[in-house]
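Not measured: the values here are computed from a predicted model.
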Amino acid sequence: VQRMNLKTGLVTRGPVLRELRTVGIIAYHEAGLRDITLKYEGWIEKLFVNTTWTAVKAGDPLFEIYSPDLYNAALNYLVALRAEGAAGGPLTRASLARLQLFDLSAGYLAELGRAGEAPRTYVYRAPADGMVIDKMAVAGQMMKPGERIYRLADLSSVWVLAQIYEQDLAFVRVGQDATVRVTYGSERLIEGRVETLLPQVEEQTRTATARIVLPNPDASLRPGMFVDVRFVAKLADDAVLVPDLAVLRSGEHNTVFIARDNGTFEPREVR
């Protein structure tokens, strides 16, 4: 026994766990994407945010625009306000409602009523915090309603797109815990949960995608980064467990050897 370096292990009972390790890619959380568009046409006279990957806060000025439609709507509101007084009337309410449909800020509308004069241009401010990941406009460009000017991404939470081989799909489910290992900077482990298991299998890689949502308060997880992902699947709550190396597989039979008290070994077929 010593010369052959034989080892023995105890037969136990317990849960059957299977560990899966795979690679994942950090991606934008689609719920945090926001397009900046207009509901009126106009000409951009100045861009306050002129480059992509600029971080903006809610209320930061993005651009200044001249719009004849917006200017005329503001004039109509002031004319109605002068005619009907501070208490307002049907014309004042109708003209104010038209301005509100343009998604103008409450501060702009309040200042418009106090000043009594329509400004020639309007400063558009960021509606939420985010990172500018796409910028379509340049200074002097005419923008039509619905055209994208910026796209903002909220990086306070991100997706991890983990690749699962089709033979392992039976061991991954929605709601399952996952451990993400980040090697950027100091290595750290982040606990997450599978939000969605996409139904499609990629033809070339033969993998499906498990989508995991991770918090990212310090924006250290950047879209495009690679991470390691670990899943642990429970195959049974209680079963007979033996060391994997103790099972001799011949293709037709699985055999283990039982260690007897007198130093002998007895073969037994197992299933």
Which value, rounded to the nearest 0.5 Å, describes the distance between [X] atom [atom1] and [Y] atom [atom2]?
X: Met136; Y: Thr52; atom1: CE; atom2: OG1; value: 12.0 Å
X: Asp237; Y: Arg13; atom1: CG; atom2: CZ; value: 11.5 Å
X: Leu38; Y: Lys144; atom1: CG; atom2: NZ; value: 13.5 Å

Looking only at side chains, do [X] and [Y] share a donor and an acceptor under 3.5 Å apart?
X: Ser156; Y: Asp154; answer: yes
X: Thr207; Y: Glu166; answer: no
X: Asn262; Y: Thr264; answer: yes

Would a 4.5 Å heavy-atom cut-off, applied to side chains only, mark Ile149 and Gln141 as touching?
no

Pairwise side-chain contact, Leu112 with Leu78, heavy-atom cut-off 4.5 Å (strictly under)
yes

Evaluate the ring planes of Tyr124 and Phe63, with Trp represented by its six-membered ring, and classify them as parallel (under 30°), tilted (30 to 60°) or perpendicular (over 60°).
parallel

Evaluate the ring planes of Trp159 and His29, with Trp represented by its six-membered ring, and classify them as parallel (under 30°), tilted (30 to 60°) or perpendicular (over 60°).
tilted

Tell me if a side-chain donor or acceptor on Thr92 pairs with a main-chain N or O of Ala80 at a distance below 3.5 Å.
yes

Check whether any side-chain N or O of Asp129 sits under 3.5 Å from a backbone N or O of Ala58 as a donor-acceptor pair, and report yes or no.
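A pair under 3.5 Å: yes.
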
What pair of heavy atoms forms the shortest contact from Ile212 to Ala162, and how long is it?
CD1-CB, 4.4 Å

What verdict does the salt bridge (charged side-chain N to carboxylate O under 4.0 Å, His left out) test give for Glu45 and Arg120, after you've listed the backbone C-alpha separation in whole Å, the side-chain angles of each residue and the deciding distance to 0.1 Å?
CA-CA 11 Å; Glu45 296 198 347; Arg120 177 179 172 275; 2.8 Å; yes

Decide if atom [atom1] of [X] counts as having more than 12 heavy atoms of other residues, nucleotides or ligands within a radius under 6.0 Å.
X: Phe226; atom1: CZ; answer: no
X: Arg193; atom1: CZ; answer: no
X: Arg206; atom1: CZ; answer: yes
X: Leu10; atom1: CG; answer: no
X: Glu266; atom1: CD; answer: yes

Residues Leu221, Ile190; criterion side-chain contact (heavy atoms from CB on, under 4.5 Å); working and verdict:
CA-CA 11 Å; Leu221 300 177; Ile190 306 175; 4.1 Å; yes

Take Leu20 and Tyr165 through the side-chain contact (heavy atoms from CB on, under 4.5 Å) test and state the conclusion after the steps.
CA-CA 10 Å; Leu20 302 177; Tyr165 286 104; over 6 Å; no

Give the intermediate values and the outcome of side-chain contact (heavy atoms from CB on, under 4.5 Å) for residues Met225 and Val182.
CA-CA 9 Å; Met225 290 173 55; Val182 181; 4.3 Å; yes

